[in-house]
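Start at 1 and go down the list; that is how both ligands and their atoms are numbered. The residues of the chain are indexed from 1 along the displayed sequence.
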Amino acid sequence: MRILIIGSGGREHAILWSLVKTTRHSLKFYCAPGNAGIAQLARCIAIPVTDIAALAEFATTEMIDLTFVGPEAPLAAGIVDEFERRGLTIVGPSWAAARLEASKSFAKQFMSRHGIPTARFKLASSAAEAVDILARGEFGPPDTPVVVKADGLAGGKGVVVARSRSAAQEAVHEIMEGGLIDRQAAEQILIEEALRGREVSLLLFSDGLNYSIMPAARDHKRIGEGDTGPNTGGMGAITDNSVLDAGLLARIIRGVVEPTLSGAAAEGFPFRGVLFIGLMLTSDGPRVLEYNVRFGDPETQAILVRLQTDLAEIFFAMARRTLADIKLEWTNESSACVVLASGGYPGKYESGAVIMGLNECADEDRVQIFHAGTARSSSGEWITAGGRVLGVTATGEDLAQALARDYRLISKVHWQGMQYRRDIGSFLSEPPTVSNE
Ligand code: AMP
Ligand code: GLY
């Protein structure tokens with residue numbers, strides 16, 4: 001059997017590593033376009049993730065049995081619909097279902113239709129309209145924090161949690177007129193009430209009918225320790241029993257997961273793939289911040305190191321809509337992924353630095369190094385080739401043990417300009433968790 005994974009980051013490396021580790025079948029792996037770390041596990045094919053026609057041609061001529069999509073861009077562009085039109089087996093949400101991530105206004109209106117708790121919002125189609133909404137004071141007095149979001153996919157740059165009304169007005173102009181974000185993505189803008197609480201990432205597999213929840217995760221979005229500085233794609237993530245207790249999970253399943261999946265099915269786009277629900281646990285209960293229609297990065301690295309079930313079987317069950325027939329098993333551990341990034345990231349970063357120490361620590365017990373942005377130099381050395389370079393990911397009996405394993409390994413790896421957070425897993429100034437009545 002042949003499996004094709006689409007994507008090139010730490011997430012895709014973790015997916016391939018997990019497939020290789022858990023499967024009992026004889027499988028051949030391909031990855032488009034992949035990266036230098038992934039090339040140790042799969043044949044990498046130089047096709048960009050958004051060249052859907054070329055990917056479908058490849059899957060046809062190479063007789064790929066199943067394709068799994070990592071990133072959101074090809075999903076939002078309809079890769080699943082196109083593969084299915086050609087009779088190819090692919091696991092991921094359709095174009096219609098991918099709107100839950102690709103259009104924040106679609107997602108908010110969907111949540112309103114199905115009574116799914118989320119932050120209060122207003123939609124504007126021009127900067128003037130957005131500024132006017134803010135000026136009317138609907139989101140509180142001038143010193144109230146407000147959130148401004150571009151409607152479409154903006155690679156993490158489309159959301160500003162503004163400290164005040166005037167900062168929000170600036171953000172409106174920056175998003176709609178600043179030129180940083182794709183014009184189409186910023187045609188509409190959302191103004192949202194700023195929620196306070198603890199953030200949780202809840203991911204699940206769904207075959208369109210049935211679903212299976214993964215261990216809940218938390219991630220660190222900002223570059224600096226103590227959650228300071230600009231947002232990044234994610235500087236680390238953890239899973240641990242303390243993230244969500246059983247009562248709160250049950251409440252989220254009842255109030256969010258089930259209405260989301262049944263709402264999608266009722267509207268004619270049953271959700272098949274990995275759904276990532278970003279939640280804020282507020283003192284008024286859980287609220288959905290966003291949907292992602294894919295595995296998170298770096299949440300996936302921290303989650304999949306605990307998976308014991310054959311991931312290929314999970315993917316095939318999702319394709320055949322038989323997810324209900326398999327029981328997913330996870331180790332009863334904690335896990336942590338610490339991201340090592342290039343100097344300058346998340347701004348303009350340096351590439352091509354020689355990574356020292358990587359080969360020496362390849363066999364550390366219960367620590368995996370997932371490659372996000374690496375390449376090989378002409379003389380075979382590992383070099384940096386991206387903002388986020390490596391995701392060092394460990395399991396442990398508790399979070400402290402997992403983190404200690406990560407940081408012990410990290411002390412042996414180095415390159416010029418390497419940066420990482422030393423406080424992954426500690427979440428400062430958290431408001432109290434909500435009760436779960
Ligand atoms: P999103 O892409 O919508 O998840 O937003 C990115 C990040 O912005 C989230 O992970 C939160 O940290 C923050 N955020 C988004 N919406 C809100 C909100 N309504 N209140 C507070 N923080 C938010
Ligand atoms: N870590 C957040 C995301 O993948 O969107």
Side-chain angles (χ1 to χ4, degrees), residues 7 9-12 14-15 70-73 75-76 98 100-108 111 117-122 139-140 144-163 167-168 171 175 181 185 189-203 214 216-223 227-239 274-284 286-304 337-339 341 346 370 372 387-388 391 393 424 427 430-431:
R11 164 181 53 205
E12 287 75 18
I15 292 169
E72 63 276 18
L75 295 167
L100 288 175
E101 175 168 1
S103 166
K104 291 186 190 290
S105 59
F106 177 83
K108 292 297 265 192
M111 287 185 253
T118 184
R120 205 158 51 79
F121 74 103
K122 273 273 155 71
F139 290 89
T144 322
V146 200
V147 184
V148 181
K149 297 183 178 180
D151 183 43
L153 293 179
K157 292 185 297 240
V159 176
V160 176
V161 182
R163 281 177 202 284
I175 288 175
I181 291 165
I189 200 160
L190 277 99
I191 312 289
E192 262 185 43
E193 140 198 41
L195 299 173
R196 279 171 44 78
R198 174 144 77 82
E199 272 189 69
V200 173
S201 304
L202 192 63
L203 281 75
M214 305 184 208
R218 300 194 65 184
D219 75 335
H220 292 271
K221 294 205 168 60
R222 294 187 184 257
I223 187 75
D227 289 330
T228 52
N231 264 336
T232 70
M235 292 302 289
I238 60 126
T239 73
V274 171
L275 180 65
F276 167 149
I277 308 177
L279 295 150
M280 186 79 92
L281 307 181
T282 77
S283 54
D284 296 325
R287 299 279 181 273
V288 176
L289 290 173
E290 63 164 346
Y291 292 116
N292 293 312
V293 298
R294 52 168 174 83
F295 269 122
D297 191 339
E299 286 89 341
T300 302
Q301 291 85 316
I303 290 170
L304 287 183
C337 170
V338 179
V339 170
F370 296 123
R388 290 188 290 176
T393 312
I424 296 305
F427 297 90
E430 270 176 7

- Task: With sequence neighbours left out, write down each residue that passes salt bridge (charged side-chain N to carboxylate O under 4.0 Å, His left out) with Asp151, or none if nothing qualifies.
- Result: none
- Item | Which residues share a side-chain hydrogen bond (donor to acceptor under 3.5 Å, both in side chains) with Asp297, sequence neighbours left out | Gln301
- Item | Donor-acceptor contact below 3.5 Å, side chain Thr232 vs main chain Ile223 | no
- Do any heavy atoms of Gly234 fall under 4.0 Å from ligand 2? no
- Between Glu101 (side chain) and Ala98 (backbone), is there a donor-acceptor pair under 3.5 Å? no
- Message: Tell me the contacting part of Met235 for ligand 2: side chain, backbone, both, or neither, using a 4.0 Å heavy-atom threshold, strictly below.
- Response: neither
- Query: Less than 4.0 Å between a side-chain N and a carboxylate O, is that true for Lys149 and Glu290?
  - Reply: no
- Query: Can you find an N/O atom of Arg294 closer than 3.5 Å to an N/O atom of ligand 2?
  - Reply: yes
- Task: Report the nearest protein non-hydrogen atom to atom 1 (N) of ligand 2: residue, atom name, distance rounded to 0.1 Å.
- Result: Glu299 OE1, 2.8 Å
- Query: Does the Arg218 side chain pair with the main chain of Glu199, one donor and one acceptor, at a distance under 3.5 Å?
  - Reply: yes
- Task: Considering the heavy atoms of Gly296, write down every atom of ligand 2 situated less than 4.0 Å from one of them.
- Result: 4 (O)
- Glu193: partners by salt bridge (charged side-chain N to carboxylate O under 4.0 Å, His left out), with sequence neighbours left out: none
- Item | Main-chain N/O of Phe295 paired to Arg11 side chain as donor or acceptor, under 3.5 Å | yes
- Message: Taking 4.0 angstrom as the limit and counting only heavy atoms of Asn292, give me the atoms of ligand 2 inside it, by number and element.
- Response: 5 (O)
Hey, what polar pairs (N/O, under 3.5 Å) does ligand 1 make with protein?
residue, atom, partner, partner atom, Å
ligand 1, 2 (O), Lys104, NZ, 3.2
ligand 1, 2 (O), Glu290, OE1, 3.1
ligand 1, 3 (O), Lys104, NZ, 3.2
ligand 1, 3 (O), Lys149, NZ, 2.9
ligand 1, 4 (O), Glu290, OE1, 3.1
ligand 1, 4 (O), Glu290, OE2, 2.9
ligand 1, 10 (O), Glu199, OE1, 2.8
ligand 1, 10 (O), Lys221, NZ, 3.0
ligand 1, 12 (O), Glu199, OE1, 3.4
ligand 1, 12 (O), Glu199, OE2, 2.4
ligand 1, 16 (N), Lys149, NZ, 2.9
ligand 1, 19 (N), Glu192, OE1, 2.8
ligand 1, 19 (N), Glu193, O, 2.9
ligand 1, 20 (N), Leu195, N, 2.8

- Message: Using a 4.0 Å cutoff against the non-hydrogen atoms of Asp219, which atoms of ligand 2 qualify?
- Response: 1 (N), 2 (C)
- Where do Leu279 and Val288 come nearest, in terms of heavy atoms and distance? CD2-CG2, 4.0 Å
